[in-house]
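Working notes for the structure below.
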Amino acid sequence: MQTAAIDALLQETRVFPPSEAFVKQANINDPTIYERAAQDFEGFWAHYAETMLEWFEKWHTVLEWNPPYAKWFLGGKLNACYNCVDRHVRTWRKNKAALIWEGEPGDERVLTYGDLYREVQKFANVLKSLGVQKGDRVCIYMPLVPEVIIAMLACARIGAPHSVVFGGFSAEALADRINDAQAKVLVTADGGWRRGNIVPLKHNADEALRHAPSVQKVVVFKRIGGDYTVTMQEGRDYWWHDLMKDAPLTCPAEPMDSEDLLYILYTSGSTGKPKGIMHTTGGYMVGVTLTAKWVFDLKDEDVYWCTADVGWVTGHSYIVYGPLSNGATCVIYEGAPDYPDRDRFWAIVEKYRVTIMYTAPTAIRAFMKWGEQYPRKHDLSSLRLLGSVGEPINPEAWMWYHEHIGGGRCPIVDTWWQTETGAIMITPLPGIVATKPGSATKPFPGIFPAILNDQGQPVGVNQGGYLVITKPWPSMTRGLWGDPERFVQTYWSKFEGVYFTGDGARLDEDGYYWLLGRVDDVINVSGHRLSTMEIESALVDHPAVAEAAVIGVHHEIKGQGIAAFVIVKEGYQADGGLQEELKQHVVKKIGAIARPDQIIFTAELPKTRSGKIMRRLLRDIAEGRALGDTTTLADPSVVQALKEKYEGQEE
Ligand code: WTA
């Protein structure tokens with residue numbers, strides 16, 4: 001555990017209780033909810049499963065728990081798309097805006113729940129006409145346009161699990177994910193807009209499909225159009241608009257079993273290969289629907305904006321399934337926060353009168369750096385609640401968000417959770433819990449974390465330890481696609497019978513949780529999860545590289561930056577040209593999010609006598625600290641030489 005980080009957080013004593021006015025109107029403001037949920041957590045979840053969702057058939061058993069395997073709402077039948085769309089169109093919400101979309105170039109579209117109902121059914125029929133059946137996997141690789149959500153909901157409607165791949169991933173990363181899931185159909189677009197440039201999605205898809213033979217059909221949404229052309233392969237590729245023209249208007253929602261797979265979403269773990277996190281229908285929908293309603297205090301008159309991309313779990317749970325299940329109005333924005341200028345987000349808040357905004361600390365730190373003159377240009381008075389997700393938020397960024405965006409009046413919900421947990425786990429309930437800058441505060445009712453030491457014992461107040469979850473919860477992942485052993489190994493082997501999160505945390509004297517970052521080889525760059533091994537594999541794939549060690553280093557804006565220590569093979573020139581080439585190589589293998597900030601050439605890497613690279617020492621070097629304990633090194637002179645060399649390169 002990084003003691004410097006703990007010490008800094010121990011200094012934080014500010015407390016912000018919710019205002020009386022907020023408490024009065026909050027969806028949940030009864031503090032006894034925590035106790036009641038703890039007394040009977042199955043009963044708690046079952047009550048909200050029943051009242052918040054529509055089931056075709058009720059379950060007969062709430063929970064079956066054979067650690068690490070959980071089943072929730074056994075025997076229940078429901079459909080996620082039906083709960084997000086159909087049930088709203090039977091009410092006044094039929095003509096309520098479901099999605100307010102803004103493209104990066106400034107184009108906009110509004111889709112009501114009625115519109116979604118029509119489009120989703122048509123696209124579900126398109127998928128069927130392409131041979132997609134219940135259980136078949138559909139890969140989605142798209143920009144943030146309404147059609148990506150239509151495609152996801154259409155999959156859910158017919159029981160075809162989707163696997164959404166973030167549009168920033170490279171062709172190779174896409175191919176890996178398609179192959180792992182054995183997807184039958186790919187839904188993509190000609191391109192997407194990012195900082196005024198075209199992201200060549202179809203081009204990447206074509207490259208990926210050369211190595212991904214499971215895909216039989218490709219649907220291409222025309223986002224860019226005009227002079228921008230893409231190649232369409234006869235018999236394989238179809239334009240979205242052509243297929244939609246004649247698609248029948250109605251397609252019934254398939255009754256799915258609670259435990260039927262809703263989607264697979266790939267995320268990074270501590271080995272090179274991404275993990276296909278599986279979420280099933282019933283428990284997941286219960287988790288995201290209730291947390292969206294309570295954490296964001298979602299009301300019918302809200303305009304809710306989650307700034308994530310749908311390619312991440314935040315987009316799945318809190319752009320699509322959670323908010324739409326609640327019948328909310330959601331703003332979605334395709335592009336970058338600094339295009340055409342650094343006030344784009346605030347222009348969007350003002351334009352649509354956004355009331356709830358959910359974003360990431362890395363974005364907040366960038367806004368802070370750009371300066372308060374950008375938000376000040378706009379009327380942000382519509383905002384009433386702010387959220388944060390993806391990484392620990394430093395108290396300074398929290399305070400800036402509170403003052404300059406929230407005008408000092410909006411509660412901030414710092415929400416801790418993971419792709420694996422499906423829904424928010426540790427968070428303030430904004431009408432109940434007083435917040436402290438930098439703390440995710442309390443577990444959501446019905447969620448039971450603990451902080452353990454290496455021996456599996458709970459640690460004392462303010463002592464750092466491993467964050468675990470001790471009881472099952474409805475939206476927990478049901479496992480890793482095609483890799484049951486790794487599921488047990490990664491999450492359920494460190495401590496007996498409890499879920500290991502991979503995060504460090506501490507609990508303060510008021511029972512507040514403070515997240516301290518990852519304790520494994522996962523790094524968090526701008527809120528994106530990456531595995532150091534994944535980047536190392538990409539580097540050693542280059543012919544010039546003999547060996548590579550990648551670490552996350554402190555970065556002012558991104559949270560963590562990527563530093564790669566590289567041993568070059570004989571005959572290659574270790575120079576600036578090669579540094580650039582290696583960075584590009586990683587972009588090609590994984591995507592721009594994994595581009596190393598620094599490449600440091602070295603003759604040797606510090607290793608233990610058993611041959612394990614000591615990343616801790618590399619971090620000491622990269623962050624300019626005195627070297628920690630080097631006694632276990634096979635050759636202590638290696639690290640001293642490396643330190644001197646690194647410091648030489650810095651100047
Ligand atoms: C980190 C994103 C501190 C954490 C929803 C976790 C956070 C990983 C927070 C999951 C937070 C997420 N405070 N750390 N509020 N939210 N994390 O799967 O390390 O992309 O394990 O899910 O992000 O990242 P993932």
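In listed order, ligands and their atoms are each counted from 1.
Residue contacts with ligand 1 for T314 involve side-chain atoms from C-beta outward but no N, CA, C or O (heavy atoms, distance under 4.0 Å). Here V313 has side-chain heavy atoms under 4.0 Å from ligand 1, and that is the only part of it that gets that close. Counting heavy atoms under 4.0 Å from ligand 1, residue E391 touches it through the backbone alone. Residue contacts with ligand 1 for A440 are absent, since no atom lies close enough (heavy atoms, distance under 4.0 Å).
Nearest to atom 10 (C) of ligand 1 among the protein's heavy atoms is W417 O, 3.6 Å. Among all non-hydrogen protein atoms, the one lying nearest atom 4 (C) of ligand 1 is D503 OD2, 2.8 Å. The closest protein non-hydrogen atom to atom 3 (C) of ligand 1 is P392 N, 3.1 Å. For atom 24 (O) of ligand 1, the closest non-hydrogen atom of the protein is R529 CD, 3.2 Å. What sits closest to atom 1 (C) of ligand 1 on the protein, heavy atoms only, is G390 O, 3.3 Å.
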Quiz item: Could you go step by step and tell me if I319 and I332 meet the side-chain contact (heavy atoms from CB on, under 4.5 Å) rule?
Solution: CA-CA 8 Å; I319 293 178; I332 46 175; 3.7 Å; yes
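Listed by number with element, the atoms of ligand 1 under 4.0 angstrom from any heavy atom of N524 are 1 (C), 23 (O). Within the listing of ligand 1, atoms 18 (O), 20 (O), 22 (O), 25 (P) sit less than 4.0 angstrom from a heavy atom of T419. Those atoms of ligand 1 with a heavy atom of T415 less than 4.0 angstrom away are 9 (C), 11 (C), 15 (N), 16 (N). Each of the following atoms of ligand 1 lies closer than 4.0 Å to a heavy atom of V389: 5 (C).
Surrounding CD of Q489 are at most 12 heavy atoms belonging to other residues, nucleotides or ligands under 6.0 Å away. Remark: K293 NZ is loosely packed, at most 12 non-hydrogen atoms of other residues, nucleotides or ligands lying under 6.0 Å away.
Looking at V313, T427, I426 one by one, the single match for side-chain contact (heavy atoms from CB on, under 4.5 Å) with W417 turns out to be V313. A ring-ring contact (aromatic ring centres under 6.0 Å, His included) with Y491 holds for exactly one of F500, Y499, Y69; it is Y499.
Within the 4.5 Å cutoff, side-chain heavy atoms of V148 are placed close to those of I140. A heavy-atom distance below 4.5 Å is not found between the side chains of I264 and R177.
Salt-bridge annotation for E172 and K589: present, with a side-chain N of the basic residue lying under 4.0 Å from a carboxylate O of the acidic one.
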